[in-house]
There are 2 protein chains.
Amino acid sequence: MTEIATTARNDRYEELLTAAAECFQSRGFDATSIDTVARHLGATKGRVYHYFPSKMDLFNAVRDRGMDIVFQATDPGYFADLPVLDRLEAMARGHARAMLQHHSFMLVLKDGLLMRRYTTTTDFQKESLSQHIARRDAYEARFRELLAMGLAEGSLRAGPDPAITVQTFMSALNGPVAWFRPRPGDTPEKYDAIAEEIVRFAMQGLRALPA
Amino acid sequence: MTEIATTARNDRYEELLTAAAECFQSRGFDATSIDTVARHLGATKGRVYHYFPSKMDLFNAVRDRGMDIVFQATDPGYFADLPVLDRLEAMARGHARAMLQHHSFMLVLKDGLLMRRYTTTTDFQKESLSQHIARRDAYEARFRELLAMGLAEGSLRAGPDPAITVQTFMSALNGPVAWFRPRPGDTPEKYDAIAEEIVRFAMQGLRALPA
DNA sequence: GATCAAACATACCGATGGGTATGTCTGTCA
DNA sequence: TGACAGACATACCCATCGGTATGTTTGATC
C-alpha cells in the first residue's frame, strides 16, 4: 500500500489503477486493450501512457496493489498477541473479507500469478514477476508457519504433507474469486456474513477433532 | 464422454483436443494462437482448421470435454446406493482425482466459465456458452442436493445460506487447478494421496460436529 | 492407372492492438 | 506576457493473428 498522499497527480493514478483493475478483471489481460481502459474513463491512450510506460507495467501495478491489499488485510491477525488458532482465524477472516471487498483487484491478483509469460517478456518484466512470486510465497509462508505451530501444540491437524492442507485451506478462502460477483445493493454486513461462513468452513477443516 | 471409437480419424481429433488443452492451459485463450497449437503437434494451421471450423469451436470442444470428465468422475458416487454422507464423499473424491489426473482439461474448464465474451460472440457461440453454464449448474446442483439431504437428516451442517457453503466446499475441491503442477515422475498413488487429503479437509468442513 | 476425396500445407488478406511521434491546451512562474 | 512543462489527444506504424483461398500429396476405389 505504501503512503498514499492525495495529490491531484496521485488521484489520477489511483483512478487509472482502479479502472484497469475492473477492465482486466472482466475481460482478462489479453482481451483488455489500452483503449478499453481509456474509454472506461472517457479518455484515450495518451492518458494511460502518460502514467504507465506499457500495458505490462499497468498490469503489474494492479497486481502489486492486490498483493498490498491482502498483506494489509492479514497483518493484524498475523502480528496479534493471541493463541495460534485465533491468529490464524483472524488472518483467514481478513483474507476472506478482502476477497469480497476488493474483488476486482483480487481477481487480477489471482490470474497475475497464473500468467505465463515465458514469451515476450523482457528481463525487467521477469524480474518483476519473480519478485511478485517471492511476495506470494512469503504470504503463504505465514499460513504455513501458523499451521506448523498449531500442529506442534496439538490444536490443529494436517495430512502427511501439510503443504497440501494449507493449499486447500487457502483455496477455500480464495473461493470468492471464482464464484462471487458484487451487486449494486451489497452491504458490508452481507460481506461479513459470507466471510464468516467461509472462515468457519475453512477453520473447521483444519481443527484437530477429538477421536 | 460419449462413445470414443478408435478410428484413425478419431485419433487425430483426440490428439488435437489434447494439444489444444495443453496450449490453452499454459497460455490462456487469447495468448494461444492457432499456429501455437499446430506447432505443438509439428503441423500447421491447415490441420487444425481441417477438424475445427474456428478457434472458438476448438476451445469449446476442450471445455465440453472437461465437463464430460467431471461428470464421469462423479457419476458413480452420485448414483450409488449409500448413505448421503458416503455418496458426497465419493463425489468429492472423484472430483478431486479428476482435477489432478486431467489437469489441463480442468484448467481450461475453469477459465472457460470465467470467459467474458459479450463482445465478438455470435448467437451460435452464445448458445454454446449458455448450454455449458446450464451443465455447470446441473453439476453443482447435485452437490447442493446431497448437502440438503444431509442437513435434513442432521449428518451435515451449513451456514445461513447453504449455497455459500457449497461454493466454499467446491472451491476446496477445485484447489488443484490453481496450485497443482503435474511432474514427470508422478504416480497414481501420489495423486490419490493428495486427493485424499483434499477430501478429508472438505468433508470435515461440512460435517455436523457434536457440541 | 485414372479419379477422387480426405488430409493436410502454403500463401495471403484484413482487422486489431501495442507502442510512438507529434500536436494542443492549460496553468504557472519569472 | 512570454517561456515552459505537465497532461493529455490525435495520427500513424507495424507486428500478430484469425480466417480463407488455393495448392499438393496420399490412399482407396473402380
Side-chain angles (χ1 to χ4, degrees), chain A residues 5-20 23-24 26-63 112 115-125 128, chain B residues 5-20 23-24 26-63 108 112 115-126 128:
Chain A
T6 54
T7 65
R9 159 94 200 189
N10 231 317
D11 283 354
R12 289 304 214 180
Y13 181 90
E14 290 298 318
E15 195 181 19
L16 256 165
L17 211 61
T18 304
C23 292
F24 285 136
S26 65
R27 294 163 171 80
F29 178 76
D30 290 279
T32 299
S33 72
I34 298 290
D35 288 305
T36 304
V37 179
R39 269 196 305 272
H40 198 67
L41 290 166
T44 65
K45 295 165 81 146
R47 179 140 156 211
V48 179
Y49 278 102
H50 183 68
Y51 291 88
F52 296 91
S54 76
K55 182 184 178 182
M56 203 62 223
D57 285 273
L58 174 57
F59 183 85
N60 286 345
V62 175
R63 188 200 57 187
M115 185 158 281
R116 1 272 166 181
R117 278 167 292 181
Y118 39 83
T119 61
T120 63
T121 344
T122 70
D123 285 353
F124 187 76
Q125 303 288 5
S128 171
Chain B
T6 53
T7 64
R9 159 91 200 190
N10 230 318
D11 282 355
R12 289 303 215 180
Y13 181 90
E14 290 297 319
E15 196 181 16
L16 257 164
L17 211 60
T18 303
C23 292
F24 284 135
S26 65
R27 293 164 172 78
F29 179 76
D30 289 280
T32 300
S33 72
I34 298 291
D35 288 305
T36 304
V37 178
R39 269 196 304 272
H40 198 67
L41 290 166
T44 65
K45 298 166 80 152
R47 178 141 156 211
V48 178
Y49 278 101
H50 183 70
Y51 291 88
F52 296 91
S54 77
K55 182 184 179 182
M56 203 62 224
D57 285 272
L58 175 58
F59 182 85
N60 286 344
V62 175
R63 188 199 57 187
V108 175
M115 185 158 280
R116 3 272 164 182
R117 278 167 294 181
Y118 39 83
T119 59
T120 62
T121 345
T122 70
D123 285 353
F124 186 77
Q125 303 289 5
K126 289 198 171 175
S128 170

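Each chain gets a letter, A, B and so on, in the order the sequences are listed, and its residues count up from 1.
Shown here are the side chain to side chain donor-acceptor pair (under 3.5 Å) partners of S128(B), two or more places apart in sequence or in another chain: N60(B), R63(B). Every residue was checked against the side chain to side chain donor-acceptor pair (under 3.5 Å) condition with T44(B), not counting sequence neighbours, and none meets it. Looking at residues two or more places apart in sequence or on another chain, you find no side chain to side chain donor-acceptor pair (under 3.5 Å) involving T18(A). Partners of D57(B) according to the side chain to side chain donor-acceptor pair (under 3.5 Å) rule, which considers only residues two or more places apart in sequence or in another chain, are S54(B).
Between the P atom of dG18(D) and the CG atom of D30(B) lies a distance of 9 Å, rounded to the nearest Å. Atom C1' of nucleotide dC8(C) and atom CD1 of I34(B) are separated by 15 Å, given to the nearest angstrom. Atom CZ of F52(A) and atom C1' of dG18(C) are 16 Å apart (whole Å). The CZ-C1' distance, from F59(B) to dG18(D), rounds to 16 Å in whole Å. Rounding to whole angstrom units, CG of residue L41(B) and C1' of dA9(C) are separated by 14 Å. Spacing between atom CZ of F29(A) and atom P of dT16(C) amounts to 19 Å, rounded to whole angstrom units. Atom NZ in K55(B) sits about 17 Å away from atom C1' in dT20(D), given to the nearest Å. What separates CG of D11(B) from P of dA7(C) is a distance of 12 Å, to the nearest Å.
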I'd like a list of close polar pairs between nucleotides 9-16 of chain D and the protein, N/O only, cut-off under 3.5 Å.
| from | atom 1 | to | atom 2 | distance (Å) |
| --- | --- | --- | --- | --- |
| dA9(D) | OP2 | T44(A) | N | 3.0 |
| dA9(D) | OP2 | T44(A) | O | 3.4 |
| dA9(D) | OP2 | T44(A) | OG1 | 2.7 |
| dA9(D) | O5' | T44(A) | OG1 | 3.3 |

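Dashed line: the shortest gap from a side-chain N or O of R12(B) to OP1 or OP2 of dC8(C) is under 4.0 Å. The side chain of H50(A) contributes an N or O atom lying less than 4.0 Å from OP1 or OP2 of dA7(D). In terms of phosphate contacts, Y49(A) brings a side-chain nitrogen or oxygen within less than 4.0 Å of OP1 or OP2 of dG19(C).
For the pair F24(B) and K55(B), the tightest heavy-atom approach, listed with the atom from each and the gap, is CE2-CE, 4.2 Å. Residues A20(A) and L58(A) approach most closely at CB-CD1, 3.8 Å, considering heavy atoms.
Evaluation of the salt bridge (Lys or Arg N to Asp or Glu O under 4.0 Å) test over residues 37-49 of chain B, restricted to residues two or more places apart or in two chains, returns E15(B)-R47(B).
Residue-level contact check: T36(B) touches neither bases nor backbone, having no heavy atom under 4.0 Å from any strand.
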